Amino acid sequence: MLLYAARRLILAVPILLGVSVCSFLIIHLVPGNPAVFILGEEASPQAIQRLEEALGLHRPLHLQYLSYLARLLRGDLGDSFLHQRPVSTLLLDRFPATVELAVVTLIVAVLVAIPLGVLAAIRQYRVTDAFVMSMATIGVSAPFFWLAVMLIIAFSYNLKWFPSAGRGEPLLLTLAPLLRGDGAALWDSLRRLVLPVVSLAAYTAGFLARMTRSQFLEVMHSDYVRTARAKGLSERVVLFRHVLRNALLPIITVLGLQLGTLLGGAVVTETVFAWPGLGRLVVQSLKARDYPTVQGAVLMTAVVFTLVNVLVDVVYAYVNPRIRYQ
Amino acid sequence: MKMKRSLSVLLICLLSLSILAACAGGGSPSPGAPGAEQPGGQPRSGGVLKVGIPSDVKGLDPRRVSGRAEEEVWSLMFSTLVRLNKNMEPEANVAKKWTISPDGTEYVFELNRGVKFHNGDELTAEDVKYTYDQVRDPKFGSSSQSLFNLVKDIQVVDPYTVKFILKSPYADFLTASIAGPVGIVPKKYAESVGLEGFNRAPVGSGPFKLARHQLGDRLVFKAHADYFKEGLPYLDGVEVVIIPEDSVRLIALENGEIDLIHRFLPVNEKPRLSNHPDLNLSTVSEAGVFNIVFNLDNPTLKDPLVRQAISHAIDRDGIMAKVIREGKPGHTAVIPDMWAYAPDTPRYNYSPDEARRLLAKAGYANGLPDGTLTLLGISDITQYKNLATVVQQQLAEAGIPVKLTLKEWTVMFGEVQKGKFDIALYGVGGLSSPDKALYRFHTGDPNNHGHYSNKELDSLLDKARQSSDQAERARLYAQAQRIIHADAPWAFIGYREISAAARKNVRGYELYPLLSWLSLEKTWKAN
């Protein structure tokens, strides 16, 4: 298993190299001049030219890439053109906000979707099934932007239950004050998480609920389930030990893919809710033609995605003893 | 049957969500907020003012970059020798007084004593010299370098007196260069931390000092305890909160999560905001214009008749009333609130027939052929995108079909600067003086993107720049505006306006045509 994981990680290196080339080429070939954005409309052509030279943009593209690669191999993602800080610092600064949103979204989606998917399967063709599948359809179909704004209007503007935008203190940092008896920071952070998480989790939960239901139904009619029932096992044992456990296997893979996607940054959600995550950083950097930051963020997303995929494979093999990786 | 049941449930769910969202009664007034406007009251100290902006600033060092949003934030942290009041006139600030030599080439500023930077160092003439020597040095690469092009030398006369010696007289030196946007930085600190260090941890002498910059999230400022104006600022701090979506930012204001939105108010919300029980809406003419620039290197646009025809084809009144929905129609680069504005400058009235007549005179009896000209506009700012679309339509109706190309602002402006355009539509701001507004029409000026040249105009602008007699300058600028009208190197569309919406308990905040955040030193919160 460890060998398998190590081999997968080594094989990811050429993939990441390809990602770095593609992201470099694409961002450099998009029209626009970072120096114009940074200096503003009042800058003289000479000042713009000077900045281009300082940023190395006047050099041929292949030389720029080679310099970038040389730095990358030393673990240096370069400095942001816009913020004049190391890109790694910027990414690590914003990544926790994205992780927080992604992890909480996934937990909420799983806690909501799987029980509801199971319920819908057990009560197939009844009102419960229709209701759950309708909600799942809404979750999957509703555009992120529309849902986010609707939630803000309903729950922030009209009902005033939750703030409309912004992140509170990182959740982990609110635990220390909580232990001292001060739960205000935790409460604020949780309130600010609700609407962005609901808007993101709606899609994931909808997707998961539908998948759970269909997997559950498929497994419910398997021979070994029939055998379990024939053996006289209670319906509860049949459903939860035999059916659910097998039905969840493909869902693990899907969860992994979803986590990878969420960790790349939910751009629309982060923009609407002013959540200071990676997705928004990438969009702002794209607008400003902040090449090092865009490249760094794309590479980081690729790395995270690869790691999550390897982890999912390992977990899958652990859960399903029939799987043996060569 | 089962399908119908699912569909019914789906519809019920959709309806519930829509009803919840649709019950938008404008929210209820927040507890404690006054129901009626209370304009006055005694300023009281304390409180933090939260201001919502759409995007983070590009940099915190005023010496390097430029931008409207950046200038507002810098005005919290940095001070200038003089500053502009709401009538765009210079008033004393770090400099308590100044003298100008009779020939207009020497400006001597006497500084207030005891002006402290945020790190406790005293602001002296050395800091002034250090700051502006860097900015005016072409090798430094400041985007404000052109503001100090005419400075020959800066001398420290004594620790509290500094002299600027100009290469030639420049009557708008105070308003255009000294009054901002570049504030004074502490020499010792700046040299010790370097450029990157300063950008991360800037130190100025303004009313607020930066406590924390969470990139992409917020900038937190605390009151400068040793600010040189006694009793100010009233506020304990200012928090600049970044909320990218216009509608969400507005909801945050109406909910009381933030206290002020300056600029970037959705124009269709203004009627509702002006009657809002919890908010005050204010509006002022901005020192900026919407304009079309013609590239005079283009053989078709070389002919003034074509440019005049285009100018006649634009319905300025209609555009400002129905497309921009704020501001006023414009016909010159000098804004109406400025002393040099010449109200009797001729105007191009909206007349497609006159446009066709001029085109015929220019040899285009059937209008311009398709594909002759391209109109370059901005795609990522809705106001400009709409403007470009409407202008294209109006030109087509007058026999001037243009191909519309919309590009992101950075791309578009890059092409304008390189002269890669036929007709460009954008806006110009920061027009704090008639020289700033009109010198861009001077031959060879870096902002003369259309490469327009008129020797008579050049002579007028040079004379006006150097004269200290305001009446004489007004006469020269009036003449200049008439020449610009006749030659039509630009087609002016309108004068911009800015608005701000603030919670009713925010007092003392004033809108200026430029740098409104200067008034935050006198802003206070009633509750």
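Worth saying up front: this structure is predicted, and the values here are computed from it rather than measured. The chains referred to below are lettered A, B, ... by the order of the sequence lines, with proteins before strands, and numbering in each begins at 1.
- Closest non-hydrogen pair, A:R167 versus B:R218, comes out as O-NH2, 4.4 Å.
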| query | Does the pair B:E254 and A:K160 meet the rule for a salt bridge (charged side-chain N to carboxylate O under 4.0 Å, His left out), with working shown? | reply | CA-CA 11 Å; B:E254 294 186 63; A:K160 309 240 183 284; over 6 Å; no
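- A:I152 and B:I251 make their closest contact through CG2-CD1, 3.6 Å (heavy atoms, listed as atom of the first residue, atom of the second, distance).
- Side-chain N or O atoms of B:E257 include one that pairs as donor or acceptor with a backbone N or O of A:S164 at under 3.5 Å.
- Only the side chain of A:L51 has a heavy atom closer than 4.5 Å to any heavy atom of chain B.
- Here the side chain of B:N255 pairs a donor or acceptor atom with the backbone of A:S156 at under 3.5 angstrom.
- When each of B:P446, B:P138, B:G59 is checked for heavy-atom pairs under 4.5 Å with chain A, B:P138 comes out on top.
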| request: Take B:V411 and A:R289 through the test side chain to side chain contact (heavy atoms under 4.5 Å, CB included) and record every step on the way to the result. | output: CA-CA 10 Å; B:V411 179; A:R289 305 298 189 269; 3.3 Å; yes
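- Interface remark: of the candidates B:G430, B:G52, B:G141, B:G141 forms the most heavy-atom pairs closer than 4.5 Å to chain A.
- Contact of B:S144 with chain A is not made at all, since no heavy-atom distance falls under 4.5 Å.
- The CH2 atom of A:W275 lies 9.5 Å from the CG atom of B:D217; values are rounded to the nearest 0.5 Å.
- In this structure, chain B has heavy atoms under 4.5 Å from both the backbone and the side chain of A:P31.
- The main-chain N or O of B:L215 is found under 3.5 Å from a side-chain atom of A:R94 such that the two form a donor-acceptor pair.
- Most heavy-atom pairs under 4.5 Å with chain A, from the set B:R64, B:E408, B:E415: that is B:E408.
- A distance of 8.5 Å separates CD1 of A:I48 from NZ of B:K418, quoted to the nearest 0.5 Å.
- Here the side chain of B:K58 pairs a donor or acceptor atom with the backbone of A:F37 at under 3.5 angstrom.
- In this structure, A:D79 CG and B:E196 CD are separated by 5.5 Å, a value rounded to the nearest 0.5 Å.
- Contacts of A:Q46 with chain B are absent, with no heavy-atom separation under 4.5 Å from either backbone or side chain.
- Neither the backbone nor the side chain of B:R249 comes within contact range of chain A; no heavy atom of the residue lies under 4.5 Å from a heavy atom of that chain.
- Checked by atom type and distance alone, the side chain of A:R280 pairs as donor or acceptor with a backbone atom of B:G216 at under 3.5 Å.
- With hydrogens and angles ignored, the 3.5 Å screen pairs a side-chain donor or acceptor of B:S66 with a backbone N or O of A:L39.
- Using a 4.5 Å cut-off between heavy atoms, A:F145 touches chain B through its side chain atoms alone.
- Ranked by heavy-atom pairs under 4.5 Å with chain A, the list B:P244, B:S146, B:G429 is led by B:P244.
- Taking NE2 of A:H83 as the reference point, atom CG of B:D56 lies at 6.0 Å (rounded to 0.5 Å).
- Minimum heavy-atom separation, A:V272 to B:E245: CA-CG, 3.9 Å.
- Looking at every heavy atom in both residues, A:K287 comes nearest to B:T410 through O-OG1, 4.0 Å.
- Of the atoms belonging to A:D129, not a single heavy atom falls under 4.5 Å from chain B.
- Considering all non-hydrogen atoms of both residues, A:R50 and B:K139 come closest at CD-O, 3.6 Å.
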